Amino acid sequence: MDKKLVSREEDYSKWYNELVVKAGLAENSAVRGCMIIKPYGYAIWEKMQSQLDKMFKETGHENAYFPLFVPKSLFEAEEKNAEGFAKECAIVTHYRLQNDPDNKGKLRVDPKAKLEEELIIRPTSEAIIWSTYKNWIQSYRDLPILINQWANVVRWEMRTRLFLRTAEFLWQEGHTAHETENQAIEETKMINNLYADFAENFMSMPVIKGVKSKNETFAGAEKTYCIEALMQDGKALQAGTSHFLGQNFAKAFDVKFADREGKLNYVWATSWGVSSRLMGALIMTHSDDRGLVLPPKLAPYQVVFVPIYKNDEQLDSISKLVKELRYRFSEKGITTKFDNRDTKRPGEKFAQHEIQGVPIRITIGPKDLEKKSLEIFRRDSLKKEFIEIDKSVDHVIHLLEQIQTNLYSRALNFRDENITEVDNFEDFKNVLESKGGFISAHWDGTDETENKIKELTKATIRCIPEQGEFSSGKCIFSGKPSAQKVLFAKAY
RNA sequence: CGGGAUGUGGCGUAGUUCGAUUAGCGCACACGGCUGGGGGCCGUGGGGUCGCAGGUUCAAAUCCUGUCAUCCCGACCA
């Protein structure tokens with residue numbers, strides 16, 4: 001099979017890029033670091049979006065939309081947040097172009113159109129949102145505010161990678177305001193659990209829930225909760241974060257409310273987000289050498305019908321059957337597509353749907369019509385079977401469930417096999433070099449040790465896990481006492 | 001911003017060391033036909049002036065200078 005994609009042993013990033021392009025998910029744009037999301041990729045994103053949106057709404061959140069531009073004075077209000085993002089901001093300084101007198105047919109920036117105050121293109125929206133919340137909140141009766149926004153943000157990254165890191169990306173960001181510290185913390189945790197639920201039950205991607213070390217905590221947050229996933233090349237990927245912001249933004253933007261006793265208090269805040277990076281996570285969790293593998297719950301269509309025919313009469317009778325089947329499938333909530341393009345041959349269609357990760361393919365030809373059966377192919381195991389037409393609907397329902405859980409358990413096995421317990425720094429380095437994956441080890445809790453390990457090995461603390469072993473021990477690097485093991489890994 | 005590399009039809013490339021036919025090939029594309037149960041076959045055809053600017057030369061994709069862009073490796077990050 002010389003036509004398959006670059007094999008796993010070869011450069012993983014090349015493999016990843018080729019896959020993204022060949023599957024028709026996205027491509028690089030002419031603008032450096034930016035990405036064009038193609039229809040098929042966007043369809044998957046929309047699936048994720050609508051599911052997450054539903055989950056947010058079920059937990060009491062509403063959608064709203066805030067401006068793309070953040071005046072610099074607002075942006076710098078919360079100092080830590082501003083400092084954290086300053087190095088990667090795109091800035092609007094002018095609002096008009098004019099004909100260039102020295103260069104016919106070209107335009108130039110009109111020097112007279114300089115903005116009095118620069119506008120930052122949001123790298124995240126805390127600033128603009130909290131400057132707004134100030135006006136919305138007077139009393140505890142105005143709380144909580146539970147708002148989510150679907151938006152694009154810009155972070156001027158040095159090095160980019162399709163979906164995983166692009167200069168502009170799509171995401172959702174939740175921004176909530178609460179009466180008490182406890183309520184805000186509960187919200188932060190609830191959202192992190194919601195993200196984990198989404199990752200595991202919809203993306204079939206196992207994640208580890210935990211808290212970030214101080215070093216890795218979001219700029220401006222008190223505490224960052226996260227979900228961490230492991231990719232097939234042994235690198236970790238931060239899949240979602242939920243931040244407890246304390247009163248930092250309330251103080252920076254002077255957002256006070258009258259509490260139940262009539263006293264003025266700063267409100268408590270959270271923010272949380274997942275981005276189009278989840279697309280990258282999805283790809284890097286399940287794909288194989290034939291291409292993308294999609295969990296049925298996120299596939300733009302779950303079943304594709306491919307007809308095989310020699311003449312119009314054959315196609316007609318196949319089409320008739322497909323039409324009926326599609327109707328029966330859609331009654332059961334299964335999404336289908338009939339690939340009756342006359343411009344491609346079956347073999348090419350098979351290959352294309354495999355690259356695109358369609359969970360189930362049903363092939364129908366004259367032989368099947370005769371035998372009243374169908375050829376059903378599942379993408380995850382690459383196995384074919386023949387099923388009687390009358391039993392096909394129930395069978396496909398069952399198969400889709402199986403694929404969904406099979407993908408999860410496959411990924412879970414891989415993940416668990418790649419968590420290594422380590423007791424000393426030598427082993428730590430060896431495992432990191434040879435095997436990769438997560439390394440569970442004791443850490444003394446200091447920034448200093450964390451930075452030193454990062455410097456020496458490029459591994460960072462992905463999270464302090466919520467669950468697992470809590471026995472105390474000695475830090476593998478400094479030998480100082482440690483309360484619990486934390487997870488290290490090289491990360492995207 | 002530091003280190004390395006590369007720019008040749010839509011994509012991938014050969015040619016560059018050592019200057020010389022009409023810049024070659026594969027894929028893709030278009031047309032015709034055979035086909036059709038895993039990226040099939042045959043034939044025909046269209047499309048490039050070699051990233052850009054300048055220089056050397058009888059002659060430049062090839063040599064020189066400058067410039068722009070992209071990619072990879074670092075630092076930074078969801």
Side-chain angles (χ1 to χ4, degrees), chain A residues 1-5 11-14 17-18 21-22 27-33 83-89 122-124 151-173 195 212 215-219 221 224 226-229 236-243 271-281 290-291 306-312 314-315 318 340-355 361-371 373-377 382 384 386 451 454-455 458 460 462 491-492:
Chain A
M1 293 285 279
D2 53 359
K3 280 185 179 156
K4 69 186 175 186
L5 295 161
D11 187 9
Y12 194 80
S13 88
K14 191 178 168 193
N17 269 317
E18 266 190 48
V21 173
K22 282 193 180 169
E27 60 193 33
N28 279 310
S29 79
V31 180
R32 193 197 155 277
E83 197 193 322
F85 285 103
K87 334 185 247 321
E88 47 188 354
C89 285
R122 62 181 168 215
T124 179
N152 58 339
V153 289
V154 169
R155 296 183 186 176
W156 210 266
E157 300 289 352
M158 298 274 91
R159 287 191 64 203
T160 60
R161 212 132 136 38
L162 291 169
F163 287 119
L164 295 176
R165 182 167 301 109
T166 44
E168 177 188 2
F169 58 93
L170 302 178
W171 77 347
Q172 63 64 217
E173 46 181 328
Y195 285 159
K212 286 289 184 190
N215 260 345
E216 301 270 331
T217 297
F218 177 72
T224 291
C226 64
I227 53 171
E228 291 285 328
L237 184 85
Q238 179 173 310
T241 48
S242 181
H243 315 291
S271 73
W272 28 273
V274 294
S275 71
S276 40
R277 174 179 246 203
L278 286 182
M279 292 287 296
R290 294 213 196 180
V306 178
I308 291 176
Y309 55 95
K310 288 191 182 141
N311 52 50
D312 285 351
Q314 284 182 353
L315 178 60
I318 293 165
N340 59 354
R341 288 174 297 174
D342 197 30
T343 50
K344 302 275 178 198
R345 282 175 302 279
E348 207 178 332
K349 292 181 185 177
F350 294 167
Q352 190 198 324
H353 295 126
E354 274 161 36
I355 283 181
R361 184 190 72 224
I362 297 181
T363 310
I364 307 177
K367 294 180 205 165
D368 306 294
L369 291 180
E370 240 172 71
K371 286 186 274 182
S373 70
L374 304 168
E375 183 197 279
I376 296 187
F377 172 88
L382 303 172
K384 284 177 194 169
F386 291 89
N451 288 334
K454 185 179 177 184
E455 213 174 280
K458 288 179 199 155
T460 50
R462 300 321 304 156
Y492 273 102

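Letters go in sequence order (proteins before strands), and every chain restarts at 1. The model shown is predicted, which means the values in this text are computed figures rather than measured ones.
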Q.
Run through RNA chain B and report every stem of 3 or more consecutive Watson-Crick or G-U pairs, distances under 3.5 Å, ordered by first number.
A.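 Stem list for RNA chain B: B:1-7 with B:68-74, B:10-13 with B:24-27, B:29-34 with B:40-45, B:51-55 with B:63-67.
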Q: Give a yes or no on whether the backbone of A:Lys310 and the side-chain of A:Gln314 come within a donor-acceptor separation of less than 3.5 Å.
A: yes
(Q) Between A:Tyr309 (side chain only) and A:Ile364 (backbone N and O only), is there a donor and an acceptor less than 3.5 Å apart? (A)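 Between the backbone of A:Ile364 and the side chain of A:Tyr309 there is no qualifying donor-acceptor contact (under 3.5 Å).
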Of the listed nucleotides [options], the one nearest the side chain of [X]:
{"X": "A:Lys384", "options": "B:C76, B:G38, B:G37", "result": "B:G38"}
{"X": "A:Arg361", "options": "B:C76, B:G38, B:G39", "result": "B:G38"}
{"X": "A:Arg345", "options": "B:C76, B:G40, B:G36", "result": "B:G40"}

**Q.** Between A:Arg462 and A:Thr460: side-chain donor-acceptor atoms closer than 3.5 Å
**A.** yes
Q) Any luck finding a side-chain donor-acceptor pair between A:Gln238 and A:Lys212 under 3.5 Å? A) yes
**Q.** Residue mapping more 5' on RNA chain B - nearest nucleotide basis, A:Tyr309 or A:Ala351
**A.** A:Tyr309
(Q) Nearest heavy atom decides the nucleotide; on that basis, is A:Pro366 or A:Phe169 closer to the 5' end of RNA chain B? (A)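 Closest to the 5' end, via its nearest nucleotide, is A:Pro366.
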**Q.** Side-chain-base donor-acceptor pair under 3.5 Å for A:Glu354 and B:G38
**A.** yes
Q.
Quick check: do A:Phe377 and A:His353 have side-chain heavy atoms less than 4.5 Å from each other?
A. no
Q) For the residue pair A:His243 and A:Phe218, does the interplanar ring angle fall in the parallel (under 30°), tilted (30 to 60°) or perpendicular (over 60°) class? A)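 Taking A:Phe218 first and then A:His243, their aromatic rings lie parallel (interplane angle under 30°).
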